[in-house]
2 protein chains.
Amino acid sequence: MDKYDSLKLGNQLCFPLYAAGKEIVKKYHPYLAEYDLTYTQYITLMVLWETDNISVKELGNRLLLDSGTLTPLLKSMEKKGFVTRKRSEEDERVVFVCLTDEGRALRDRLLHIPEQMGRCVCLSREEAGQLYMLLGKLLNGLSQDER
Amino acid sequence: MDKYDSLKLGNQLCFPLYAAGKEIVKKYHPYLAEYDLTYTQYITLMVLWETDNISVKELGNRLLLDSGTLTPLLKSMEKKGFVTRKRSEEDERVVFVCLTDEGRALRDRLLHIPEQMGRCVCLSREEAGQLYMLLGKLLNGLSQDER
DNA sequence: TTCAATTAGATTGTACACAATTTAATTGCG
DNA sequence: CGCAATTAAATTGTGTACAATCTAATTGAA
């Protein structure tokens, strides 16, 4: 027990969070690369499958990403033919994102991925639930005191 | 309950992991920027404070980062005067990283950061412990079937 | 011993991720 | 109304992050 204990990597909660986030996203790579998708593009599709014709702003709220990340991401997905982008007519500041038929069709083709990823996660159902709950609580707390 | 439930963002364990990792690292930014440090540089210092004169390889093992990330990172930290890099004489393939006096001195100057970050995490001590344990288990499992 | 295989770092190319700034459109207060 | 403040995207610049490849050094089996 010394005065520097708080600066030891092994005593940080942040490091395993950072590392686990990175490592699990990495696990998706081989599965998603087959479909010319990245993880960020994959979760973008998830939002669109549930809510098509969504603004970039709202997409950013759901994914916790800003326009600096989303603008080039969406342009790349547009080039691949998965989405279209169209400026709103009521409010010219807003850009709506829509799925193409090909983007919609991916939903069926990617259905096997959650199952395959689930096998990489060596946690019981209860542990996974616990983890999910704690992460939600943490995320909620982090955004509470947003400046 | 429909066939696409497994592809809903809200049913993913990975998304909150990815998001929480990102968001908590973001919280460090204002504290670390004062010292011209990034989060990755900060955790690199943590390893060096505990184990000075370490190879790039071993540093990568501890931080779960590869040479593609570490090489430019260490060069930048060298330019700022926090570390030095020296090729091993016994094995010319290996590069050792050492703290400079300035890098060592940062340990005292950054001692307030873990405490300030702790206040951003709205979890009880038990919950934080639970989370830490579950993340460790998850990370351990992810690296089990490394190919 | 010798050379094929392995290893450690470095390099290249791609893709985020975000802070900070910019631009253009809209809103709302006086 | 008129214009300052706000808002949504886009842009710019910096810093990871990693797959894939490359280079040079070392190792180990025939």
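What you see is a predicted model; the values in this text were computed from it and never measured. Note: hydrogens, waters and symmetry copies are ignored here, and every other heavy atom, side chains too, is used.
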Nucleotide of [options] approaching [X] most closely (side-chain heavy atoms):
{"X": "A:Thr38", "options": "D:dT7, C:dG9, C:dC16", "answer": "C:dC16"}
{"X": "B:Glu23", "options": "C:dC18, C:dG9, D:dA25", "answer": "C:dC18"}
{"X": "A:Val94", "options": "C:dT26, D:dA8, D:dT26", "answer": "D:dA8"}

Point to revise | Lys NZ or Arg CZ of B:Arg107 over A:Tyr4 ring: under 6.0 Å, within 45° | key: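 Yes, B:Arg107 and A:Tyr4 form such a contact.
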Is the phosphate of [N] approached by [X] (side-chain N or O, under 4.0 Å from OP1 or OP2)?
{"X": "A:Gln41", "N": "C:dC16", "answer": "yes"}
{"X": "B:Arg85", "N": "C:dA10", "answer": "yes"}
{"X": "B:Arg87", "N": "C:dA10", "answer": "yes"}
{"X": "B:Thr40", "N": "D:dG15", "answer": "no"}
{"X": "B:Lys22", "N": "C:dC18", "answer": "yes"}
{"X": "B:Tyr18", "N": "C:dC16", "answer": "no"}

Describe the nucleic acid contact of [X] in one word from base, sugar-phosphate, nothing, applying a heavy-atom distance below 4.0 Å.
{"X": "B:Ser76", "result": "nothing"}
{"X": "B:Leu65", "result": "sugar-phosphate"}
{"X": "A:Glu90", "result": "sugar-phosphate"}
{"X": "A:Leu73", "result": "sugar-phosphate"}
{"X": "B:Leu37", "result": "nothing"}
{"X": "B:Phe96", "result": "nothing"}

Side chains of [X] and [Y] in contact at under 4.5 Å (non-hydrogen atoms):
{"X": "A:Thr51", "Y": "A:Glu58", "result": "no"}
{"X": "B:Thr69", "Y": "B:Leu63", "result": "no"}
{"X": "A:Tyr35", "Y": "A:Leu45", "result": "no"}
{"X": "B:Tyr18", "Y": "A:Ile24", "result": "no"}
{"X": "B:Met46", "Y": "A:Asn11", "result": "no"}
{"X": "B:Trp49", "Y": "B:Leu106", "result": "yes"}

Atom-to-atom span, [atom1] of [X] to [atom2] of [N] - whole angstrom:
{"X": "B:Tyr42", "N": "D:dT16", "atom1": "OH", "atom2": "C1'", "answer": "18 Å"}
{"X": "A:Lys26", "N": "D:dT16", "atom1": "NZ", "atom2": "C1'", "answer": "13 Å"}
{"X": "B:Ile43", "N": "D:dA17", "atom1": "CD1", "atom2": "C1'", "answer": "12 Å"}
{"X": "B:Lys57", "N": "C:dA10", "atom1": "NZ", "atom2": "P", "answer": "13 Å"}
{"X": "A:Glu58", "N": "D:dA9", "atom1": "CD", "atom2": "P", "answer": "10 Å"}
{"X": "A:Leu32", "N": "D:dA17", "atom1": "CG", "atom2": "C1'", "answer": "16 Å"}
{"X": "B:Asp91", "N": "D:dT26", "atom1": "CG", "atom2": "C1'", "answer": "6 Å"}
{"X": "B:Tyr39", "N": "C:dA17", "atom1": "OH", "atom2": "P", "answer": "16 Å"}

Practice item. Inspect the contact between A:Glu23 and A:Lys27 and indicate whether a charged nitrogen and a carboxylate oxygen are less than 4.0 angstrom apart. Key: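 Result for this pair is no, no salt bridge flagged.
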Check nucleotides 11-14 of chain D against the protein and report each pair of N or O atoms closer than 3.5 Å, with its distance, or say if there are none.
unit_1: D:dT11; atom_1: OP2; unit_2: A:Lys75; atom_2: NZ; d: 2.8

Review point. Which comes earlier along DNA chain C counting from the 5' end, the contact point of B:Leu70 or that of A:Glu92, where each point is its nearest nucleotide?
Key: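 This one resolves to B:Leu70.
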Exercise for review: Give a yes or no answer on whether the side chain of A:Lys22 reaches the backbone of B:Leu64 with a donor-acceptor pair at less than 3.5 Å.
Suggested key: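 Here the side-chain-to-backbone pair exists.
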